[in-house]
Amino acid sequence: MNRSHLPGILAMAAVVVASNILVQFLFGQWLTWGAFTYPIAFLITDVMNRVYGAGPARRVVLVGFVVGVLCSLIGTQIMGEFGPLVTLRIALGSGLAFLTAQLLDVSIFAALRNGKWWRAPLASTLVGSTVDTAIFFTVAFSGALIWIEPANDVSWAGEMLPLLGAGPVAPLWVSLAVADWMVKLSLALLALLPFRLIVSHLTAKPA
């Protein structure tokens, strides 16, 4: 392992651990605090991709995936008010979403890396974030996938309510997914500035 990749690896591991902890704490009606830390993973992946290339970026993603699996295993052993903090469906959805979305992010970034500086990080993060949200919430809470873990009652997530409290009627989990997606898209735009600054710092030639 190249020692220069270590900060990215440690940063990804820290974001994954922090997000797994903060997802247990609500922020308003539709979000958890983890929704605000998790998108930083895309920033880390894109910085690694821009500075070191797609290969090192994928290695950082794999480290994040392994750390996420370990967090899920620990979560299955911690009992909350309604059972284990992490169920099989949540663990499966989280792992599939992270790995698929992050590797897709790396591929899109690599394909667009020779364009304008903002195009690759913005497009890769927007697509990756959308895929991440779609996979996680569908696998974790959709009633159509109850066969994955029949003993896990997720009927609460299927309660029909106005979307985000004001739109057309939809299952609760759809509102949770849309709120999460909107945060990811907003942070994708905000992350362009730190992306530019971090990349400029890491690629600056010594005087």
Side-chain angles (χ1 to χ4, degrees), residues 1-23 25 27 31-71 94-136 177-207:
M1 180 186 69
N2 191 323
R3 292 182 63 182
S4 62
H5 301 165
L6 188 58
I9 290 172
L10 294 177
M12 179 64 82
V15 166
V16 171
V17 171
S19 298
N20 273 272
I21 294 172
L22 292 174
V23 75
F25 301 96
F27 178 86
L31 295 165
T32 70
W33 282 102
F36 299 95
T37 56
Y38 179 75
I40 299 174
F42 290 97
L43 172 61
I44 295 169
T45 301
D46 289 347
V47 169
M48 291 296 298
N49 205 336
R50 171 60 73 191
V51 178
Y52 302 109
R58 290 190 183 96
R59 286 193 283 275
V60 168
V61 168
L62 291 178
V63 169
F65 175 72
V66 171
V67 172
V69 169
L70 292 175
C71 287
S94 178
L96 283 175
F98 180 87
L99 194 60
T100 303
Q102 290 289 330
L103 292 179
L104 182 60
D105 179 288
V106 173
S107 297
I108 293 174
F109 191 106
L112 299 176
R113 67 181 308 116
N114 294 325
K116 294 183 179 179
W117 72 267
W118 52 266
R119 186 175 298 166
L122 183 60
S124 62
T125 300
L126 290 179
V127 174
S129 296
T130 301
V131 170
D132 183 281
T133 296
I135 291 177
F136 173 73
V178 170
D180 179 84
W181 178 66
M182 291 172 65
V183 169
K184 285 191 176 90
L185 296 193
S186 299
L187 292 181
L189 294 172
L190 293 176
L192 287 176
L193 178 57
F195 170 85
R196 182 71 163 175
L197 294 174
I198 295 170
V199 168
S200 296
H201 174 74
L202 292 177
T203 56
K205 296 181 178 179

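The structure displayed is predicted, hence computed values, not measured ones.
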- Message: Using a 3.5 Å distance criterion without hydrogens, assess whether the side chain of N20 forms a donor-acceptor pair with backbone atoms of V16.
- Response: yes
- Message: As an exercise, state the distance from CZ of F195 to CH2 of W117, rounded to the nearest 0.5 Å.
- Response: 7.5 Å
- Message: What I want to find out is whether D180 reaches K184 closely enough, with some N-O distance under 4.0 Å, to be called a salt bridge.
- Response: yes
- Message: Tell me the closest heavy-atom pair linking T100 and L96, and the distance in Å.
- Response: OG1-O, 2.8 Å
- Query: Which atom names give the shortest non-hydrogen contact between A41 and F98, and what distance separates them?
  - Reply: CB-CE1, 4.4 Å
- Task: State the CG-CZ distance between L122 and F42, to the nearest 0.5 angstrom.
- Result: 13.0 Å
- Query: Taking the six-membered ring of W118, is the NZ or CZ of R196 close enough (under 6.0 Å from the centre) and on axis enough (within 45°)?
  - Reply: no
- Minimal non-hydrogen separation, T45 against Q102, with atom names: OG1-OE1, 2.5 Å
- Task: Flag the pair F36 / L31 as yes when at least one side-chain heavy-atom distance between them is below 4.5 Å, and no otherwise.
- Result: yes
- Task: In sequence, state the C-alpha distance, the side-chain angles, and the governing distance for V47 and Y52, and then conclude on side-chain contact (heavy atoms from CB on, under 4.5 Å).
- Result: CA-CA 8 Å; V47 169; Y52 302 109; over 6 Å; no
- Got a second to check how far I9's CD1 is from M48's CE, nearest 0.5 Å? 6.5 Å
- Got a second to check how far L187's CG is from M182's CE, nearest 0.5 Å? 12.0 Å
For a quick test of your reading: what N or O donor-acceptor pairs under 3.5 Å do the side chains of residues 103-112 make, sequence neighbours left out?
residue	atom	partner	partner atom	Å
D105	OD2	S124	OG	3.4
D105	OD2	T125	N	3.4
S107	OG	L103	O	3.2

- Measuring from W181:CH2 to S129:OG, what's the distance to the nearest 0.5 Å? 10.5 Å
- Task: Output yes when a side-chain donor or acceptor of T133 lies under 3.5 Å from a complementary backbone atom of T130, and no otherwise.
- Result: no
- Work out which heavy atom in G53 is nearest to a heavy atom in P56; give both atom names and the distance. O-CD, 3.4 Å
- Message: Could you measure the distance from the CZ atom of R113 to the CZ atom of R50? Nearest 0.5 Å is fine.
- Response: 5.0 Å
- Item | Main-chain N/O of A18 paired to Y38 side chain as donor or acceptor, under 3.5 Å | no
- Item | Near-ring test W33/F25, centroid separation under 6.0 angstrom | no
